[in-house]
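Here is the structure we will look at, set down as structure tokens.
No experiment lies behind these values; they were computed from the predicted model shown.
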Amino acid sequence: MIERARFPVNVCAVLHRNGRWLLNVRANDASYAPGTIGLIGGHVERNDGPERVFESTVQREVAEETGIDLTGTPLLYLDSEAYPDTDGDLVLTVTYAAELPPGTEPSAENAVEDAELSWWTLEDLEADPRCAPWTSRLVRRALAAITSS
């Protein structure tokens with residue numbers, strides 16, 4: 001019998017509004033990339049889906065971390081990649097981009113999880129030493145996807 005590999009899956013969002021990107025500063029005690037500027041997102045859970053599981057996951061994670069409801073907001077597929085976690089196990093990540101309506105702001109009172117959220121221009125993001133290399137790469141890719149759609 002063939003043994004099939006099983007991997008945890010993260011789904012993330014790059015959120016754009018008025019020339020700025022809503023991103024999260026990872027906690028200093030985070031198990032992966034602590035203290036860096038990263039994307040909003042998290043692991044697929046059993047109750048995500050069963051259809052459009054990645055889209056359901058990113059909508060849930062954005063709501064949990066920002067209080068923003070992405071229902072009705074078009075999600076643009078950006079990328080998928082694999083990376084080893086701190087134990088060396090492979091984790092898959094799927095990333096989407098979304099253009100938020102004007103005036104959309106994160107709401108701590110609607111968020112389930114604590115997150116240090118801020119809006120960055122691409123220039124400010126790339127000048128910040130906390131910016132993870134994959135974050136600026138995905139933001140650049142999101143900018144291209146959003147402006148071409």
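Rounding to the nearest 0.5 angstrom, the gap separating the CD atom in Glu126 from the OG1 atom in Thr121 is 9.0 Å.
A heavy-atom distance below 4.5 Å is not found between the side chains of Arg26 and Glu116. You'll find the side chain of Leu39 reaches within 4.5 Å of the side chain of Leu138, heavy atoms only. You'll find the side chain of Thr93 stays beyond 4.5 Å of the side chain of Val11, heavy atoms only. Contact of the Tyr77 side chain with the Phe54 side chain is not registered, since no non-hydrogen atoms from C-beta on lie closer than 4.5 Å. Using a 4.5 Å heavy-atom threshold, the side chains of Ile68 and Leu22 count as touching. Between Leu92 and Asn10, every side-chain heavy-atom pair lies at or beyond the 4.5 Å cut-off. In this structure, the side chains of Trp119 and His16 stay at 4.5 Å or more apart for every pair of heavy atoms.
Residue Thr71 comes nearest to Asp69 through the heavy atom pair OG1-OD1, 2.6 Å, listed as atom of the first residue, atom of the second, then distance. When all heavy atoms of Asn28 and Pro34 are compared, the closest pair comes out as O-CB, 3.3 Å.
Screening Asp89, Val91, Leu90 for a side chain to side chain contact (heavy atoms under 4.5 Å, CB included) involving Tyr83 leaves a single residue, Val91.
Salt bridge Arg60/Glu45: present, at least one basic N to carboxylate O contact under 4.0 Å.
Side chain of Thr135 to backbone of Ile37: a donor-acceptor contact under 3.5 angstrom is found.
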